[in-house]
Amino acid sequence: MEQEAPLVREALPALTAELVRLLEEEGERDLALCAHDLRLVAACGCGDDFCQSIRTGTHVPGTPYGPGVRSVHLLPERGMLNLDVLHGRIEYVEILDRPEYRLPGASPSPEGIAEGEHA
């Protein structure tokens, strides 16, 4: 039996709190509810020092989302937070210039990792 990906709120509770707050401020109540239950599928893996982005869905990196996708640009006090949303589900959280959200054990400059979503 395959184990479920961990909840973002357990790995990065401050990120979840910020996403929920910013989404509610933008009037995105449904996405704010979804943000509370996001799963941490993988780190972006791009290797850029400024990137702390995470995949929260099973979409294959480097392939188009297709119809039904939209971007949600949030307004944090610093850095950047953007979401890729597919049919009401948050698939990717772009987190730039927020080193406090780097996943434990994630290297800021890994070698041999595939290109990330934001590149």
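Values reported hereafter were calculated over all heavy atoms of this structure, with side chains retained and with hydrogens, waters and symmetry mates removed. Small disclaimer: the values here were computed from a predicted structure and weren't measured.
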| note | Heavy-atom closest pair (Ser53 atom, Leu96 atom, distance to 0.1 Å) is OG-CD2, 4.2 Å
| request: Mind checking the CD-CG spacing from Glu24 to Leu33? Nearest 0.5 Å is all I need. | output: 7.5 Å
| Looking only at atom types and distance, does a side-chain atom of Arg70 sit under 3.5 Å from a main-chain N or O of Val85, one as donor and one as acceptor? | no
| query | For Asp84 and Ser71, which heavy atoms make the closest approach, and how far apart are they? | reply | OD1-OG, 3.7 Å
| task | Kindly compute the distance separating CG (Leu81) from CG (Asp97), expressed to the nearest 0.5 Å. | result | 10.5 Å
| Does the side chain of Glu26 reach to within under 4.5 Å of the side chain of Leu75, using non-hydrogen atoms? | yes
| task | Please round to the nearest 0.5 Å and tell me the distance separating atom CG of Leu22 and atom CG of Leu31. | result | 12.5 Å
| What closest approach, in Å, do Ile90 and Val93 show between heavy atoms, and which atom pair accounts for it? | CG2-CG2, 3.9 Å
| said: Test your reading of the model: is there a side-chain donor-acceptor pair from Arg89 to the backbone of Cys34, 3.5 Å cut-off? | reply: no
| message | Please determine whether residues Val8 and Val72 belong to a single hydrophobic cluster, defined as Ile, Leu, Val, Met, Phe, Trp and Tyr linked transitively by side-chain heavy-atom distances below 4.5 Å. | response | yes
| query | Taking all non-hydrogen atoms of both residues, which atom of Arg102 and which atom of Cys51 are closest, and how far apart? | reply | NH1-O, 3.3 Å
| field | Separation of Tyr101 OH from Thr16 OG1 (nearest 0.5 Å) | value | 8.5 Å
| Does Ala5 offer a backbone N or O that forms a donor-acceptor pair with the side chain of Arg39 under 3.5 Å? | yes
| Is any side-chain heavy atom of Leu83 less than 4.5 Å from a side-chain heavy atom of Leu23? | yes
| field | Distance in Å, Leu19 CG paired with Leu15 CG, rounded so as to fall on 0.5 Å steps | value | 4.5 Å
| field | Test item: Thr56 side-chain N/O and Glu91 main-chain N/O as donor-acceptor pair under 3.5 Å | value | yes
| Same cluster or not: are Val41 and Tyr92 linked, directly or through other Ile, Leu, Val, Met, Phe, Trp or Tyr residues, by side-chain heavy atoms under 4.5 angstrom apart? | no
| query | Under a single-linkage definition using a 4.5 Å side-chain heavy-atom cutoff for Ile, Leu, Val, Met, Phe, Trp and Tyr, are Leu7 and Leu103 assigned to the same hydrophobic cluster? | reply | no
| field | Side-chain donor/acceptor of Gln52 to backbone N/O of Arg98, under 3.5 Å | value | yes
